[in-house]
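To keep things clear, I will list the structure first and then write my remarks on it.
Sequence positions, counted from 1, serve as the residue numbers for this chain. Everything quoted here is computed from the prediction, not taken from an experiment.
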Amino acid sequence: MQGCQSAYYYSKDNSTMEVDFLFQTDERVVPVEAKAEENVKSHSLYNFVQNDFAEMNLKGVRMSMKPYIDQGWMENIPLYSAESYVKKQIGR
């Protein structure tokens, strides 16, 4: 199977923690947080990647108005390149 079948949303019971999208490629699960404002803090994404699912060695993706940056545990992808990033990840 090549590509991505579905995108999912994650929220934690009794918490405000949420991850906007989760999709799975042939190689990995990709948690994605989308930010359209100046505030690009990613507490939920950080907790999802570094605490709740640390054993999976996930790397988060934040899509925002900021330029590309790789912070180790997370990559920031500029919103203008979100579609091409996802297509590349799923092999299309």
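Between the NZ atom in Lys88 and the CD atom in Glu83 there is a gap of 15.0 Å [rounded to 0.5 Å]. Taken from CD in Gln71 to CG in Asn76, the straight-line distance is 7.5 Å, to the nearest 0.5 Å. Note that the CG atom of Asn47 and the CZ atom of Phe53 stand 11.5 Å from one another [nearest 0.5 Å]. To the nearest 0.5 Å, atoms CZ (Arg62) and CG (Leu79) are separated by 10.5 Å.
Contact between Asp20 and Ala34 at its shortest, heavy atoms only, is OD2-N, 2.8 Å. Between Val49 and Leu58, the shortest heavy-atom contact is CG1-O, 3.2 Å. Here the shortest heavy-atom pairing between Val61 and Leu45 reads O-CD2, 3.6 Å. Shown here for Ser44 and Val19, the closest heavy-atom pair between the two residues is O-CG2, 4.4 Å. Pairing each heavy atom of Ala36 with each of Met65, the nearest pair is O-CG, 4.4 Å. Shortest non-hydrogen contact noted between Lys59 and Glu75 is CE-CG, 3.6 Å.
For the residue pair Tyr10/Glu18, the side-chain donor-acceptor check at 3.5 Å is not satisfied. A side-chain N or O of Glu33 and one of Ser42 form a donor-acceptor pair less than 3.5 Å apart.
Residues that satisfy the salt bridge (Lys or Arg N to Asp or Glu O under 4.0 Å) test with Lys12, not counting sequence neighbours, are Asp52.
If you chain together hydrophobic residues whose side chains sit under 4.5 Å apart, Val29 and Met17 fall into the same group. Hydrophobic clustering (side-chain heavy atoms under 4.5 Å, transitive across Ile, Leu, Val, Met, Phe, Trp, Tyr) keeps Tyr46 apart from Ile69. Cluster membership check: Met63 shares its hydrophobic cluster with Tyr68, using side-chain heavy-atom separations under 4.5 Å among Ile, Leu, Val, Met, Phe, Trp and Tyr.
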Problem - Test side chain to side chain contact (heavy atoms under 4.5 Å, CB included) applied to Phe21 and Val30, step by step - result: CA-CA 8 Å; Phe21 304 98; Val30 182; over 6 Å; no
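Residues Arg28 and Gln89 meet the side-chain proximity criterion, which asks for heavy atoms closer than 4.5 Å.
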